[in-house]
Undergrad: 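Sending over a structure as structure tokens; questions will come in a sec.
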Amino acid sequence: MPRKSSVNRKGHYAGGVENTDGWIHLAHTHEEVQQRLLKNKSKQRQYAVDYFWIKNLENLNIFPTRHALDSWNVQKYFELFNKIFFFGALTDDFCELKFVEEVGVSREEWHRNRTHDDAEGYTTDPRRRLRYRGRTKISIFEQKDDVSKATLLRRYLGTLLHEMIHAFIHIYICLSPSCEAQTAQLEGSGGHGITWHRLALAFEEFAANWLGLELDLGRADVERKALIDSRRTKKMVLIFDVPSQFWTFIWNVILRYRSFWDIQRRQSSNVQ
């Protein structure tokens, strides 16, 4: 049974306190982000949790049609998740949310993404392209699986929260020369480093215990992909880590074979 907020619900709404609690663009370490997000007890979180229960948003069957699961509802849950998990710091100045549908103006992007590994969601990292400028964009892709609307919405919400963690890291983690080495180590090659995993686990537990939502942020899929990538890397290392004497031996064999073949070819020409 999920635990509801103990704050008095009368008169409160999702917006609550609108400040972002002092978050500064590209100015925080991984340790600070982990500590503050994992120990978040802000009034803004309490107000947003209250609103969540007032509107019965833990019941994913309240939406009457499949279409109602799409962009409008994803946007509303984004606004609440932003206040519940991220101090409301994923503001319009730094973060854009886009729901990519199969039809309409985004159809080309939707079809292009179907063959990509990140078929459910993707978040851009403007730090890599524009250094210290630009907004991060979260793209949530419409899913066409034949499942119930509650199952589909639960999948969207898991993907959404997964990508929101990426967005927060892209916006607020320090990437100055003095921070860059540690950032690369803690984020990993695919962005699923220690910080992402700790936040994802904590947010899954909070959603289950306080929001009544059993969300899957894809931690198992991330670990499986990381294992596959590490095995591929080890194979490549084994290939290039062969002692130089072996490659010298192979090269000498090739040269001897070529010399033998040249002699045979000349003798054949002389016979003719």
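By convention here, the first residue in the shown sequence is residue 1. Quick caveat, the model's predicted, so the values are computed rather than measured.
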Undergrad: State, to 0.1 Å, how close Arg45 and Asn40 come at their nearest heavy-atom pair, and which atoms those are.
TA: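 Distance-wise, the nearest heavy atoms are NH1-O, 3.1 Å.
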Undergrad: Give, for atom CD1 of Ile173 and atom NE2 of His25, the distance between the pair rounded to the nearest 0.5 Å.
TA: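 Going from the CD1 atom of Ile173 to the NE2 atom of His25 covers 11.5 Å.
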Undergrad: Parallel, tilted or perpendicular: which fits the ring planes of Phe203 and Phe85, with parallel below 30° and perpendicular above 60°?
TA: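 It falls in the tilted class, 30° to 60°.
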Undergrad: Step by step, work out the ring pair (Phe, Tyr, Trp, His ring centres under 6.0 Å) result for Phe87 and Phe168.
TA: CA-CA 11 Å; Phe87 294 93; Phe168 193 92; 7.9 Å; no
Undergrad: Are more than 12 heavy atoms from other residues, nucleotides or ligands located less than 6.0 Å from atom CG of Asn56?
TA: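 Yes, the 6.0 Å shell around CG holds more than 12 heavy atoms from other groups.
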Undergrad: What heavy-atom pair brings Phe52 and Leu211 nearest, and what distance separates the two atoms?
TA: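 Distance-wise, the nearest heavy atoms are CE2-O, 3.3 Å.
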Undergrad: Taking all non-hydrogen atoms of both residues into account, name the closest pair between Gly158 and Leu217 and its distance.
TA: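 Heavy atoms only, the tightest pair is O-CG, 3.8 Å.
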Undergrad: Would you confirm whether Thr136, through its side chain, and Thr124, through its main-chain N or O, come within 3.5 Å as a donor-acceptor pair?
TA: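 Pair found, side chain donor or acceptor close to backbone of Thr124.
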Undergrad: Suppose we screen for ring-ring contact (aromatic ring centres under 6.0 Å, His included). Which residues come up paired with His166, at least two apart in sequence or across chains?
TA: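 His166 satisfies ring-ring contact (aromatic ring centres under 6.0 Å, His included) with His162, His192, Trp196 once adjacent residues are dropped.
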Undergrad: Quick one: does any side-chain atom of Arg219 pair with a main-chain N or O of His197 as donor and acceptor, under 3.5 Å?
TA: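 No; judged by distance alone, with no hydrogens or angles, the pair does not exist.
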Undergrad: For side chain to side chain contact (heavy atoms under 4.5 Å, CB included), just list the numbers for Tyr47 and Lys83, CA-CA rounded to whole Å, side-chain angles, deciding distance to a tenth of an Å, and then say yes or no.
TA: CA-CA 9 Å; Tyr47 294 153; Lys83 293 175 173 62; over 6 Å; no
Undergrad: One pair to check against side chain to side chain contact (heavy atoms under 4.5 Å, CB included): Leu161 and Phe86. What are the steps and the verdict?
TA: CA-CA 10 Å; Leu161 196 49; Phe86 302 101; 3.9 Å; yes
Undergrad: Nearest 0.5 Å, please: how far is CD in Gln35 from OG1 in Thr29?
TA: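 Interatomic distance, Thr29 OG1 to Gln35 CD, rounded to 0.5 Å: 9.0 Å.
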Undergrad: Please report the C-alpha distance between Leu160 and Leu97 in whole Å, then the side-chain angles of each, then the deciding distance to 0.1 Å, and finally whether the side chain to side chain contact (heavy atoms under 4.5 Å, CB included) criterion is met.
TA: CA-CA 9 Å; Leu160 175 65; Leu97 174 65; 4.0 Å; yes
Undergrad: May I ask you to decide if Phe141's main-chain N or O and Gln143's side chain share a donor-acceptor pair within less than 3.5 Å?
TA: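 Present.
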Undergrad: Using the side chain to side chain contact (heavy atoms under 4.5 Å, CB included) rule, take Tyr77 and Glu79 through it: C-alpha gap first, then chi angles, then the decisive distance, then the call.
TA: CA-CA 5 Å; Tyr77 276 97; Glu79 294 170 3; over 6 Å; no
Undergrad: Backbone N or O of Glu187 within a donor-acceptor pair of the Thr195 side chain at under 3.5 Å?
TA: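 Between the backbone of Glu187 and the side chain of Thr195 there is no qualifying donor-acceptor contact (under 3.5 Å).
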Undergrad: Does the ring center of Tyr156 lie less than 6.0 Å from the ring center of Phe99?
TA: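 Close enough - the centres of the two rings lie under 6.0 Å apart.
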